[in-house]
Peer 1: 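My questions will all concern the structure given below.
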Protein chains: 4
Amino acid sequence: MGVKGMSSPGQVDSLVTDSKLIEERRGQILRAAVKLFSQQGYYTTTIAQIAREAGVSIGLIYQYFGDKDDILLLSLKLVLETYEHEIPLRLEGVKHPVERLCMAIWAYCAIVDRLREATVLAYRSTNSLRADRRSLIKDEEIRSNRLLEDCLRTCIEGGYMREVNQYLLVYQYVMFCHAWALKNWAFQGKLSPSEYVSEGLKLLVEPFLTAKGKAALSTMRRNTGNFKHDKRPTARAKTK
Amino acid sequence: MGVKGMSSPGQVDSLVTDSKLIEERRGQILRAAVKLFSQQGYYTTTIAQIAREAGVSIGLIYQYFGDKDDILLLSLKLVLETYEHEIPLRLEGVKHPVERLCMAIWAYCAIVDRLREATVLAYRSTNSLRADRRSLIKDEEIRSNRLLEDCLRTCIEGGYMREVNQYLLVYQYVMFCHAWALKNWAFQGKLSPSEYVSEGLKLLVEPFLTAKGKAALSTMRRNTGNFKHDKRPTARAKTK
Amino acid sequence: MGVKGMSSPGQVDSLVTDSKLIEERRGQILRAAVKLFSQQGYYTTTIAQIAREAGVSIGLIYQYFGDKDDILLLSLKLVLETYEHEIPLRLEGVKHPVERLCMAIWAYCAIVDRLREATVLAYRSTNSLRADRRSLIKDEEIRSNRLLEDCLRTCIEGGYMREVNQYLLVYQYVMFCHAWALKNWAFQGKLSPSEYVSEGLKLLVEPFLTAKGKAALSTMRRNTGNFKHDKRPTARAKTK
Amino acid sequence: MGVKGMSSPGQVDSLVTDSKLIEERRGQILRAAVKLFSQQGYYTTTIAQIAREAGVSIGLIYQYFGDKDDILLLSLKLVLETYEHEIPLRLEGVKHPVERLCMAIWAYCAIVDRLREATVLAYRSTNSLRADRRSLIKDEEIRSNRLLEDCLRTCIEGGYMREVNQYLLVYQYVMFCHAWALKNWAFQGKLSPSEYVSEGLKLLVEPFLTAKGKAALSTMRRNTGNFKHDKRPTARAKTK
DNA sequence: AATGAATGAGTGTTCATTCAT
DNA sequence: TATGAATGAACACTCATTCAT
């Protein structure tokens, strides 16, 4: 019985009530879980491993999570919420629509880079969730896509970009960002993260900019010196 | 123990020798495996389920495959080999570089559509393979990417497309095709496969065409009536 | 994988740590294992049977032992260690070299009699161990042989026995003791354990005693009334 | 069904009738079985391995033997029959009772040496037989023991040896011979086979010889030059 | 007579989950 | 709250045995 029967999807309750402790413990356990799930996958990670990594007992885990599936659900939510939280943070103060779009893509890629394994985890393991919970994750993804969607729409509505199939293009943006994690083995050593992004923008943003948009972009570049430089050494991929 | 990189059963004792039968049985079992792995994932599919689905006994599976990992490896290879085989088939007789590129993307998407679940499987389960076998799958993927790469290069070298970061654009094409499977829940009911492709081409091919390339494209369209129509009913996604 | 030479479970995850409990459980399980292995042999004994006999669950066994091979190894060690422990106990306080030798053989036989099935087990199943572990058992056997060797050497060096091929004679003693278990079907009902031993001493000790040794022996007999009597009813085997 | 139900213990019938072929095939399969059982033990040897070693198909084995247990039974019989056949052969023409006894022990050891692994097999695997068949093997062993028993009795009755516990001494002889196989790891490199035997005779025969027996022995030695020399290089074990 | 592909019951082992302390 | 020993259902894999050819 216990937690299982009561928990409605997404509303996973724990047996512990002190809400501060709850958050702390859950975070502690989820960080361990995300790390291990990312490295080894869901099925090959055992509860005992998570307990050890988190520095708690096996039994404790079941006081904060209903079952293993629950841990996965919340692990994936944790990752997706990071996107939703961090992208807006990086957009703060950025006014120009084109700049906002580019910055959003850049920010997305930066987070993907930081959470590379966790991003792969989301692709691998969403289907390991029970069906009802899977859609919760989909909703979460739709929400984070909306961030890019809004930036793109603003650009088009402001006349900075020509009319395109927004819906599809947003997904291209999303796939582009995810690809940095999914196909990292193919890019690693050929492109630095910032090269990846700036080259990507040339393919997925620039071609759709109107004259007005292009003007804005060049002003932007003159002022901001493009993107922050990343440390990683890299061999520039040949354009030709 | 199991035989290292390849597909042979580890159990040396009762190997089946009739090579015609081998192909037949392996195909029979792999088809069942791909289906189940695709639907339920690798770890949640049991050997007993595969056996039942394939209409053979549990023991028989071990006369044609070394272990479960082996079945996964060959399942994934089967899917990837389909790409490598079928794309060239559809390109036969297509001469014009731009047309070849478009056709390659179209063909890739068509196969992804047909093998939608299997394509998702490849994303989910490649990491479930033992490390040494994983790289075999990566090689296979690189080989099928090359098909698109060649089409793209020919377009650029022929002056039909302007110079772009080929390496990145090819991956964008690949992600575009895979996205039809990976994000199908987002496209299903909004775009038919052929709409998906033709809209995609507008985003990922057209912007880079030179005047010469555009001319070719419009000629092509006039002659071929765009792409074959697919049966699936669909609500057209609003571009605006 | 399993830990190499020693006794620890290969499954590192859920190790039991309370050392008192460990001893208790291991003993509990090993007693069951020795009993079943002895009765039915290693391969025909299942883990489930051991669990049932020990009154624990199947899973618990794997928290105290790495694998089935591990259980066998420790079962055999348990038996051999009994020899090493108990023979010296029975020799305590026995001073005269000839008496010590006879007592050692008697004690050895007594233990073999008590652990009859386990002794047979050692013969049957040592070869079922993995090669690296097999030599651990051989070492253990050499150690217990040394007990007899020491007694014999002291007799010879003290002039109680004439010079003989010690090495070979010790093995005759060992085989004699083991034979009580190995060939029990041939002795059962013909000889009681103590008759077996006293008749054996006439064949394997007395003939090599010097005059000095014989004198000692007869004194001994007069004082101690030969060996303790065993309860088992027996039909005296005809010497003639 | 089939062979199983009909075959009474020891009377294992096969489905094939041409008796010459039967003997040939059975021999072929049994030789393979003895080899593999000896090397790897009964349970770890598979029917498929026996088939491959014998150069026949799996199915064929079941036309000559009822089941795996059957193969073991006949394998063990084959080994024991070798004893019964070969010892008398080597005694032919040997007249003197003491010489006959020594020769019998020597012959027994020589066969054990040749069938070392098979002898160990008999110890390990007799208990793997079904109970009813086990006693068949015991009978066989009793029969071969009788050979030594007869030699010993004749010595005693002829006044060449003093009265001893015949029954026990015969078993000591048997154990001595078997020990060459069972404890070979302890003797190998320390004693050659003939040294083993001649040293053994000093411990197990000479002490019981009467003056008449000793005289006979010394005559014998003068004439025959002790035993045949064996090729194996050996480090003589120190008597002292 | 001979084959070897096919079977499936049976085994060792794992691991999510529980619960007494 | 927190622990971790205990459970046992579930799974991958093996191999003696059968039987169509």
Side-chain angles (χ1 to χ4, degrees), chain A residues 1-4 15-18 21 25 43-51 56-64 66-69 71, chain B residues 2 9-11 13-18 21-22 25 43-51 56-69 71, chain C residues 2 9-11 13-18 21-22 25 43-51 56-69 71, chain D residues 1-4 15-18 21 25 43-51 56-64 66-69 71:
Chain A
M1 310 295 109
V3 176
K4 196 88 128 292
L15 293 175
V16 183
T17 46
D18 177 346
L21 188 56
R25 287 290 194 213
Y43 286 104
T44 43
T45 298
T46 67
I47 296 289
Q49 285 173 338
I50 296 173
V56 299
S57 69
I58 291 174
L60 196 71
I61 290 182
Y62 284 88
Q63 291 190 313
Y64 291 95
D67 58 12
K68 199 186 173 190
D69 193 76
I71 303 176
Chain B
Q11 179 189 12
D13 265 0
S14 43
L15 255 184
V16 178
T17 47
D18 179 343
L21 187 57
I22 288 183
R25 287 287 190 222
Y43 286 105
T44 41
T45 299
T46 68
I47 296 289
Q49 285 174 333
I50 297 173
V56 299
S57 68
I58 290 174
L60 196 71
I61 291 183
Y62 288 90
Q63 290 191 323
Y64 293 93
F65 299 91
D67 57 13
K68 202 184 170 190
D69 193 77
I71 302 177
Chain C
Q11 176 190 14
D13 265 359
S14 44
L15 254 185
V16 178
T17 46
D18 179 344
L21 187 57
I22 289 183
R25 286 289 191 221
Y43 286 105
T44 42
T45 299
T46 68
I47 295 289
Q49 285 174 333
I50 296 174
V56 299
S57 68
I58 290 174
L60 195 72
I61 290 182
Y62 286 90
Q63 289 191 325
Y64 293 94
F65 299 92
D67 58 12
K68 201 185 171 191
D69 193 78
I71 302 177
Chain D
M1 303 283 107
V3 175
K4 196 86 131 293
L15 294 174
V16 183
T17 46
D18 177 344
L21 187 55
R25 287 290 195 213
Y43 285 104
T44 43
T45 298
T46 67
I47 296 288
Q49 285 174 336
I50 296 173
V56 301
S57 69
I58 291 174
L60 196 70
I61 289 183
Y62 284 87
Q63 291 190 314
Y64 291 95
D67 58 12
K68 200 186 172 190
D69 193 77
I71 303 177

Peer 1: Could you state the atom-to-atom distance from CD1 of D:I61 to C1' of F:dA16 in whole Å?
Peer 2: 11 Å
Peer 1: Are the side chain of C:K68 and the backbone N or O of C:T46 linked by a donor-acceptor pair below 3.5 Å?
Peer 2: no
Peer 1: Rounded to the nearest Å, what distance is computed from the OH atom of residue D:Y64 to the P atom of nucleotide F:dA16?
Peer 2: 20 Å
Peer 1: Given that A:G59 and B:L60 both sit by DNA chain E, which one's nearest nucleotide is further toward the 5' end?
Peer 2: B:L60
Peer 1: Is B:R25 close enough to E:dA6 that one of its side-chain N or O atoms is under 4.0 Å from OP1 or OP2 there?
Peer 2: yes
Peer 1: C:Y62 and C:I47: which non-hydrogen atoms are nearest, and at how many Å?
Peer 2: OH-CG1, 3.5 Å
Peer 1: Separation of A:I71 atom CD1 from E:dA16 atom P, in whole Å?
Peer 2: 9 Å
Peer 1: Round to the nearest Å and state the distance from D:Q63 atom CD to F:dT17 atom P.
Peer 2: 15 Å
Peer 1: Should stems be defined as at least three consecutive Watson-Crick or G-U pairs with both distances under 3.5 angstrom, which of them involve DNA chain F?
Peer 2: E:2-21 with F:2-21
Peer 1: Identify all pairs in which a protein N or O lies below 3.5 Å from an N or O of nucleotides 11-13 of chain F, and state each distance.
Peer 2:
{"from": "F:dA12", "atom 1": "OP1", "to": "B:K68", "atom 2": "NZ", "distance (Å)": "2.8"}
{"from": "F:dA12", "atom 1": "OP2", "to": "B:I47", "atom 2": "N", "distance (Å)": "3.0"}
{"from": "F:dC13", "atom 1": "OP2", "to": "B:Y62", "atom 2": "OH", "distance (Å)": "3.0"}
{"from": "F:dC13", "atom 1": "OP2", "to": "B:K68", "atom 2": "N", "distance (Å)": "2.9"}

Peer 1: How close do D:I61 and D:V56 get, heavy atom to heavy atom, and via which atoms?
Peer 2: CG1-CG2, 4.1 Å
Peer 1: A side-chain contact here means heavy atoms from C-beta on lying under 4.5 Å apart; do A:I71 and A:Y64 qualify?
Peer 2: no
Peer 1: What's the CD-P distance between C:Q49 and E:dG10, to the nearest Å?
Peer 2: 12 Å
Peer 1: List in chain and number order the residues that pass side-chain contact (heavy atoms from CB on, under 4.5 Å) with D:T44, two or more places apart in sequence or in another chain; answer none if no residue qualifies.
Peer 2: C:Y43, D:Q40
Peer 1: Using atom CD1 of C:I22 as one end and atom C1' of F:dA5 as the other, report the distance to the nearest whole Å.
Peer 2: 11 Å
Peer 1: Select base, sugar-phosphate, or nothing to describe what C:L21 touches, counting heavy atoms under 4.0 Å on all strands.
Peer 2: sugar-phosphate
